Amino acid sequence: MQDFFGAIGLVLVIEGLVYGGFPGFARKLAAEVLSLPENALRIAGLVAIAAGVGIVWLIRGG
(Lines give C-alpha, C1' and ligand atoms only; values in the text may rest on other atoms or scores of the structure.)
Protein backbone atom coordinates (compact mmCIF):
# COMPACT_ATOMS: atom_id res chain seq x y z
CA MET A 1 0.00 0.00 0.00
CA GLN A 2 2.94 2.29 0.69
CA ASP A 3 4.08 1.93 -2.94
CA PHE A 4 0.61 2.82 -4.18
CA PHE A 5 0.53 6.08 -2.23
CA GLY A 6 4.09 6.83 -3.32
CA ALA A 7 3.03 6.41 -6.94
CA ILE A 8 0.00 8.67 -6.44
CA GLY A 9 2.28 11.29 -4.89
CA LEU A 10 4.64 11.10 -7.87
CA VAL A 11 1.74 11.57 -10.30
CA LEU A 12 0.62 14.64 -8.35
CA VAL A 13 4.14 16.09 -8.44
CA ILE A 14 4.35 15.62 -12.21
CA GLU A 15 0.91 17.15 -12.77
CA GLY A 16 1.79 20.02 -10.46
CA LEU A 17 4.93 20.70 -12.45
CA VAL A 18 2.93 20.87 -15.68
CA TYR A 19 0.10 23.04 -14.32
CA GLY A 20 2.24 25.24 -12.07
CA GLY A 21 5.30 25.53 -14.26
CA PHE A 22 3.73 25.68 -17.69
CA PRO A 23 0.10 26.81 -17.40
CA GLY A 24 -0.09 27.94 -21.05
CA PHE A 25 1.12 24.55 -22.22
CA ALA A 26 -1.42 22.82 -19.95
CA ARG A 27 -4.28 24.84 -21.47
CA LYS A 28 -3.08 24.12 -25.00
CA LEU A 29 -2.77 20.41 -24.20
CA ALA A 30 -6.30 20.34 -22.72
CA ALA A 31 -7.68 21.97 -25.86
CA GLU A 32 -5.87 19.42 -28.03
CA VAL A 33 -7.30 16.55 -25.98
CA LEU A 34 -10.83 17.89 -26.44
CA SER A 35 -10.39 17.88 -30.20
CA LEU A 36 -9.16 14.27 -30.41
CA PRO A 37 -11.55 11.46 -31.31
CA GLU A 38 -12.58 9.18 -28.45
CA ASN A 39 -10.90 6.16 -30.03
CA ALA A 40 -7.54 7.96 -30.20
CA LEU A 41 -7.80 8.87 -26.51
CA ARG A 42 -8.67 5.29 -25.63
CA ILE A 43 -5.65 3.95 -27.53
CA ALA A 44 -3.35 6.56 -25.93
CA GLY A 45 -4.66 5.59 -22.50
CA LEU A 46 -4.10 1.89 -23.10
CA VAL A 47 -0.57 2.56 -24.36
CA ALA A 48 0.12 4.66 -21.25
CA ILE A 49 -1.16 1.85 -19.02
CA ALA A 50 1.02 -0.72 -20.79
CA ALA A 51 4.09 1.54 -20.56
CA GLY A 52 3.47 2.18 -16.87
CA VAL A 53 3.05 -1.51 -16.09
CA GLY A 54 6.20 -2.27 -18.08
CA ILE A 55 8.22 0.35 -16.20
CA VAL A 56 7.02 -0.89 -12.83
CA TRP A 57 7.76 -4.48 -13.86
CA LEU A 58 11.30 -3.56 -14.90
CA ILE A 59 11.94 -1.56 -11.71
CA ARG A 60 10.63 -4.40 -9.54
CA GLY A 61 13.09 -6.77 -11.17
CA GLY A 62 10.52 -8.50 -13.41
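Note that the structure is predicted; figures quoted are calculated from it, not measured.
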Value rounded to 0.5 Å, distance of [atom1] in [X] from [atom2] in [Y]:
X: Leu41; Y: Leu46; atom1: CG; atom2: CG; value: 11.0 Å
X: Ile55; Y: Arg60; atom1: CD1; atom2: CZ; value: 14.0 Å
X: Ile43; Y: Asn39; atom1: CD1; atom2: CG; value: 4.5 Å

Discussion item. Assigning hydrophobic clusters by single linkage (Ile, Leu, Val, Met, Phe, Trp, Tyr; side-chain heavy-atom cutoff under 4.5 Å), is Leu12 placed with Met1?
Written reply: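 Linked, Leu12 and Met1 end up in one cluster.
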
Discussion item. Minimum heavy-atom separation for Phe25 and Val18, please, with both atom names.
Written reply: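 It is CD2-CG1, 4.3 Å.
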
